[in-house]
There are 2 protein chains.
Amino acid sequence: MQLAGLDAASLKTVRVSVVDQLYATLRGAIIDNDLSPGARISETEIAQHYGVSRQPVREAFIKLANEGLLEIRPQRGTFVAKISRPAVMDARFVREAVEADIVKLLAQAPEPALIADLRDQLVRQRQIIGGSARDFMEADEAFHHTLAAGAGKENAWRVIVEMKAQMDRVRFLSSMHFSVARLVDQHTQLVDAIAAGDAVGAEQAIRFHLRGILQDLPIIEQEHPEYFR
Amino acid sequence: MQLAGLDAASLKTVRVSVVDQLYATLRGAIIDNDLSPGARISETEIAQHYGVSRQPVREAFIKLANEGLLEIRPQRGTFVAKISRPAVMDARFVREAVEADIVKLLAQAPEPALIADLRDQLVRQRQIIGGSARDFMEADEAFHHTLAAGAGKENAWRVIVEMKAQMDRVRFLSSMHFSVARLVDQHTQLVDAIAAGDAVGAEQAIRFHLRGILQDLPIIEQEHPEYFR
DNA sequence: TCTTGCATACTACCATACAAGTCAAGAGAG
DNA sequence: CTCTCTTGACTTGTATGGTAGTATGCAAGA
């Protein structure tokens with residue numbers, strides 16, 4: 001069965017399972033805070049809402065629970081996982097470690113084609129300044145993905161995506177706080193260091209950049225204590 | 001509700017879901033190469049073997065597929081994932097990056113209690129020399145877990161466990177090759193560096209250690225090409 | 001006022017049935 | 001013999017029913 005409203009691209013020969021559609025939809029809703037931390041969602045409710053049976057909903061729930069985005073409490077209910085400060089900080093820790101090694105690799109052997117691609121993205125990022133937070137977060141994801149792909153670490157990117165989900169939930173809540181211009185400046189410094197073959201500088205740049213993303217976490221926690229564990 | 005003084009292990013009444021049991025069993029079988037890469041396993045077959053229905057088997061399959069240990073091909077069949085050299089190398093890359101940052105943290109503020117614990121484990125590891133590969137791999141896992149826990153990164157450890165699974169599959173195949181004594185020596189050098197507060201030395205030690213683990217990968221691939229993608 | 005027992009209405013877990021896609025063996029035509 | 005098509009025995013995907021565990025409200029009793 002097909003989900004209504006989600007199937008623009010599915011007219012192609014690609015059949016995407018109901019589970020995957022539900023997974024993507026719910027994941028986005030959680031990260032965007034359409035489903036708030038602590039909110040209760042039941043298999044039955046979601047199944048009826050999308051006109052599918054409970055089983056694919058359940059399987060999508062399991063996937064999301066594995067990512068730490070849902071908490072399934074047997075015989076009690078399923079809830080959007082509350083934000084855990086240690087979990088978010090550890091996610092950042094892992095992401096920082098991995099991306100630091102990635103940019104070190106890139107800086108040790110800078111490829112002109114990659115640098116050009118990155119600089120091109122920087123231009124577009126500057127055009128977003130003043131625009132929507134969501135547009136920037138998409139561009140930001142593309143930028144970091146380019147770094148990983150450029151280092152030939154597509155598989156490692158999968159790990160980063162998982163860590164990013166935890167961080168982005170917080171980040172979305174702080175969309176009123178963060179300065180896009182400042183983040184683009186940090187991206188620029190990073191690319192400059194890579195282009196110059198400055199591994200140490202690149203590592204410092206990415207670590208500083210990633211640590212800054214969550215600097216508003218204490219503020220968020222104070223503003224929305226009900227979203228935290 | 002849990003009664004005071006009665007922990008989970010002391011109660012036979014603790015119900016662990018069928019899914020989790022299947023997941024743990026199958027995961028162990030895959031890593032230990034009891035289920036070889038490329039082998040076909042069907043939901044029905046496993047369900048009948050364990051006397052359960054297809055549904056929990058299916059859900060355990062999904063979990064294992066998310067970890068990259070199974071490959072589910074819709075309407076075709078489910079197979080034990082063949083070992084992908086890029087995937088294994090990326091898993092090592094991620095693990096190395098994370099553990100490097102962990103030991104740097106530890107070395108920057110070495111705690112005597114933790115050092116004592118680690119040295120205690122080193123003694124037991126030396127007693128295993130000449131023993132079974134499986135015993136050492138258990139002790140090795142405990143050692144690395146202690147490092148992560150000592151740095152207060154329990155959540156990060158979950159990522160390491162996932163990366164380890166990919167590496168351990170290869171490692172098990174090379175159990176005839178690797179020298180336990182050499183690995184324990186590397187562990188010892190690492191602990192010495194941490195105890196001395198030598199962050200640079202600790203980082204070098206863990207990176208060297210983790211890179212050595214997979215040094216036999218080309219040999220394994222030559223001996224068992226059918227296990228590789 | 002506070003506790004206790006129980007009916008009730010949920011929940012997720014598991015079993016079973018059906019649907020739909022894949023693939024290979026084999027019949028039949030050329 | 002070679003090619004094409006059909007058939008049917010697989011596979012996973014989805015739907016639905018039944019079961020046991022859990023929270024909750026309320027009435028009876030201390």
Think [X] has a side-chain N or O under 4.0 angstrom from the OP1 or OP2 of [N]?
X: B:Arg76; N: D:dT12; answer: no
X: B:Thr78; N: D:dT11; answer: no
X: B:Arg54; N: C:dT16; answer: no
X: A:Ser53; N: D:dA15; answer: yes

Fill in: Within residues 35-42 of chain B: residues closer than 4.0 Å to DNA chain D (heavy atoms)
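By residue number: B:Arg40, B:Ile41, B:Ser42.
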Worksheet item: Could A:Lys153 and B:Phe93 be counted as a cation-pi pair, given that NZ or CZ must be under 6.0 Å from the ring centre and within 45° of the axis?
Response: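 Cation-pi check for A:Lys153 and B:Phe93: passes.
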Worksheet item: In this structure, are over 12 heavy atoms from other groups packed under 6.0 Å from B:Gln222 atom CD?
Response: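 Result for CD/B:Gln222: open.
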Practice prompt. Return the 5'-most residue of the pair A:Pro74, A:Pro56 with respect to DNA chain D, ranking by each residue's nearest nucleotide.
Written response: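 Closest to the 5' end, via its nearest nucleotide, is A:Pro56.
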Using whole Å, report how far [atom1] of [X] lies from [atom2] of [N].
X: A:Tyr23; N: D:dG13; atom1: OH; atom2: C1'; value: 19 Å
X: B:Gln48; N: D:dC10; atom1: CD; atom2: P; value: 11 Å
X: A:Gln55; N: C:dA12; atom1: CD; atom2: C1'; value: 11 Å
X: B:Glu59; N: D:dT14; atom1: CD; atom2: C1'; value: 13 Å

Worksheet entry | Audit row: B:Arg58, A:Glu59, salt bridge (Lys or Arg N to Asp or Glu O under 4.0 Å) steps and yes/no | CA-CA 9 Å; B:Arg58 174 175 170 76; A:Glu59 292 174 9; 2.8 Å; yes
Discussion item. For a quick check, tell me whether the side chain of A:Gln75 and the base of C:dT11 share a donor-acceptor pair closer than 3.5 Å.
Written reply: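 No.
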Practice prompt. Apply salt bridge (Lys or Arg N to Asp or Glu O under 4.0 Å) to B:Arg85 and B:Asp90, showing your working.
Written response: CA-CA 8 Å; B:Arg85 180 122 71 121; B:Asp90 279 16; over 6 Å; no
Item to complete: Fit a plane to each ring of B:Trp157 and B:His145, take the angle between them on a 0 to 90° scale, and name the class: parallel (under 30°), tilted (30 to 60°) or perpendicular (over 60°).
Response: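 It falls in the parallel class, under 30°.
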Worksheet item: Should the ring pair A:His187 and A:His209 be called parallel, tilted or perpendicular, given that the plane angle runs from 0 to 90° and is split at 30 and 60?
Response: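 A:His187 and A:His209: perpendicular rings.
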